[in-house]
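What follows is a set of notes on a single structure, which appears directly below.
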Amino acid sequence: MQRLPFTTSIMIAAAIATALAATARTRTTQSQLRDTRTPLERMATAAEADSAAGISQADVTLRGYSKRASDAKESFFITNHTPHRISAVRLLLRYTTLQGDMLHERQVTVPVSLGSGQSQLVSIATFDVQRLFYYYAGPKPRKQATPFRVSYRLTGYDIPVGR
């Protein structure tokens with residue numbers, strides 16, 4: 001077997017190293033994943049209002065809320081704890097500073113398709129149209145922004161009739 005000259009061996013090794021470096025995989029995984037099991041805070045409610053509406057606050061839960069300062073949407077998981085299929089969830093969302101001062105409160109209806117015991121990731125347009133706030137439990141932004149908390153109250157849900 002014939003040996004290659006030293007310079008040829010060096011050139012082949014350099015070519016292999018260049019090819020390996022050029023085909024190296026780009027890291028696409030997110031390194032700062034947040035705990036999606038963390039439930040959102042529920043607002044204190046008057047028990048008689050819930051029973052008059054025929055719903056229990058335990059029927060639907062929210063968890064894994066996410067909203068960065070640069071986001072145009074708020075995302076969270078909705079879980080159905082009823083024995084029925086649910087097609088929409090109505091919520092009262094209250095946004096407060098870390099000191100408890102109210103920033104905003106709104107009613108939203110979130111379309112879902114959830115069987116009993118199922119969860120679904122949903123996104124809604126954010127209340128923060130100027131993008132000045134970020135969820136306190138998420139990553140701190142590089143730009144100047146104010147942290148906030150969010151709490152919710154279940155105000156209703158739809159159970160589809162038929163199929």
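Along the sequence shown, residues are numbered consecutively beginning with 1.
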Indicate the atoms forming the closest heavy-atom contact of T61 with H81, along with that distance.
-> OG1-NE2, 2.8 Å

What residues, two or more places apart in sequence or in another chain, satisfy side chain to side chain donor-acceptor pair (under 3.5 Å) together with T146?
-> none

K140 atom NZ, over 12 foreign heavy atoms within 6.0 Å = no

Any side-chain heavy atom of Y152 within less than 4.5 Å of one from R42?
-> yes

Any side-chain donor near an acceptor of the partner, Y134 and R68, under 3.5 Å = no

No-hydrogen, no-angle side-chain donor-acceptor test under 3.5 Å, S75 and S123 = yes

Between F76 and Y65, what is the ring plane arrangement, given parallel below 30°, perpendicular above 60°, and tilted in between?
-> parallel

Under 3.5 Å donor-acceptor, E41 side chain and V150 backbone = no

Side-chain atoms of residues 103-117: list all donor-acceptor pairs with protein atoms under 3.5 Å, sequence neighbours left out, distances to 0.1 Å.
| unit_1 | atom_1 | unit_2 | atom_2 | d |
| --- | --- | --- | --- | --- |
| E105 | OE1 | R94 | NE | 2.5 |
| E105 | OE1 | R94 | NH2 | 2.6 |
| R106 | NE | Y95 | OH | 3.1 |
| R106 | NH1 | A125 | O | 3.1 |
| R106 | NH2 | E74 | OE2 | 3.2 |
| R106 | NH2 | Y95 | OH | 3.1 |
| R106 | NH2 | A125 | O | 2.9 |
| S113 | OG | R85 | NH1 | 3.3 |
| S116 | OG | T82 | O | 2.6 |

Minimal heavy-atom distance between P141 and A145, with the atoms involved, is CG-CB, 3.7 Å

Taking T79 for the side chain and S119 for the main chain, is one N or O donor matched with an acceptor at less than 3.5 Å?
-> no

Has the side chain of K67 got a donor or acceptor atom that lies under 3.5 Å from a matching backbone atom of F133?
-> yes

